[in-house]
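One structure below.
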2 protein chains.
Amino acid sequence: MQQVEICFSPELIHLHELRGKIVVVVDIFRATSTMVAALANGITEIKTCSDLEECRSMASQDYLIAGERNGIKAEGFQLGNSPLAYLAGEYQDQKLAMTTTNGTLAISKSIGADEILIGAFPNLQATVSYIQSRQKDVLIHCAGWKGRFNLEDSLYAGALVKALEATHEAEDDGAIAMKSLYEKEGHDLKGFLSQASHAKRLQNHNIDSDIDFCLTLDLFSLVGKVENDSLIALYPN
Amino acid sequence: MQQVEICFSPELIHLHELRGKIVVVVDIFRATSTMVAALANGITEIKTCSDLEECRSMASQDYLIAGERNGIKAEGFQLGNSPLAYLAGEYQDQKLAMTTTNGTLAISKSIGADEILIGAFPNLQATVSYIQSRQKDVLIHCAGWKGRFNLEDSLYAGALVKALEATHEAEDDGAIAMKSLYEKEGHDLKGFLSQASHAKRLQNHNIDSDIDFCLTLDLFSLVGKVENDSLIALYPN
């Protein structure tokens, strides 16, 4: 049996071995959910940028640019961090450059892994199927919030540990804990998350419909994967 | 209402504000459980040492010395890290110097808090009563395991958040998550923890009876508190 473990913060990633593993980076509200929505709706490639300036400069190379800081669209950017902006399919066959508060950092700190995937509820089962075809250990890397444990990322991690249980054993205490928590709270994610600090922050930005999207399971059959510094969609089946 | 939050690892403590708060340091297997057992059985004062050499040197000042590394009694020490060693009351009115892998580090990294307590299941309710008499915010500082999230410390944290709910609101996502997990798994802590990596390590050292002790609620009515670099017992009632 393969193994699955969870890292709850990019500040703890140095305590985990990356080599040989599939790392699934998770930033549910909203970076990785938005990436999955974009790839499912015509975006061919996503470049993740570490800062706003790098991202802004990609406009000259025919990239759409999406930038967010502290949950709000950054000045001068075409797109913010709402997954809903992509759902009408307005951006067919375009490339996207994107930077976010926590998600981009978690991706860059996952370099060294055998494969890096992007996790979100709307493509959970597709990610599970892909992982189960690969026979590798899995490390779920939660982006967290400013270095701290974050409820929605951790619950996604628990959902993924649960969904992998036929092939992957919970290797560390974090995986055991979050699998159990998801078993208890997974039937009403939104209700449970409404207590969370992050949900309260998001409510301030009037993005209730974003939250609904980010918590919806299995809308898409694609897998988001980092290849040559860009994120692309795979369709395993 | 006051607030309660959880830090899952000493490596994340810099992300939390300590000032003005009661910090409860937790290292269930076994440092803080052993400290509580010692204070309840005649030890008058515990000096926590950052390394084995410092601890060993305390023998010349009439301290009993207890040292453990990676779960095993260190060479040349009178006591290891088993709480059971104190239960016969052999060490009445003696002072103890103690160093452990994770627990001592978490205490030293809690300096700056308004008050530092030691948390363990055998004195949970006493700790709750003391905190509720103080009207301060609480930060639960889990010692973890080599910097990583640890199941037994986190479950104690959840139990404490739950027990404080009349006076303290869960302030961060960690507190919300662990309160819920304790509600689900608290009725059979040993069964749930038997899945954990740490429990597997402890089984290798034949300390099943230590585990039983460490998971027993409310054997003692004392509070363990750091005062002037030493740990002492308070009896609030």
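Remember, it's a predicted structure, so these values are computed and weren't measured experimentally. First the proteins, then the strands, lettered A, B, ... as listed; each starts at 1.
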Next on the checklist: Tell me whether B:D212 at atom CG has more than 12 heavy atoms from other residues, nucleotides or ligands lying less than 6.0 Å away.
Outcome noted: yes
Checklist entry - Considering residues, nucleotides and ligands other than B:D188, do more than 12 of their heavy atoms fall under 6.0 Å from its CG? => result yes
Item to check | Closest approach of B:I176 to A:L151 (non-hydrogen atoms, all atoms of both residues) | outcome: CG2-CD2, 3.8 Å
Item to check | Taking every non-hydrogen atom, the tightest pair across B:D173 and A:F149 | outcome: O-CE2, 3.6 Å
Item to check | Contacts with chain B made by residues 7-18 of chain A (heavy-atom distance under 4.5 Å), listed by residue number | outcome: A:F8, A:S9, A:E11, A:L12, A:H14, A:L15, A:H16
Checklist outcome for this item: Output for pair (B:K179 NZ, A:L181 CG), nearest 0.5 Å, gives 12.5 Å
Checklist entry - Is the shortest heavy-atom distance from the side chain of A:R148 to the side chain of B:E5 under 4.5 Å? => result yes
Item to check | Atom of B:A177, atom of A:F192 and distance for their closest heavy-atom approach | outcome: CA-CZ, 4.4 Å
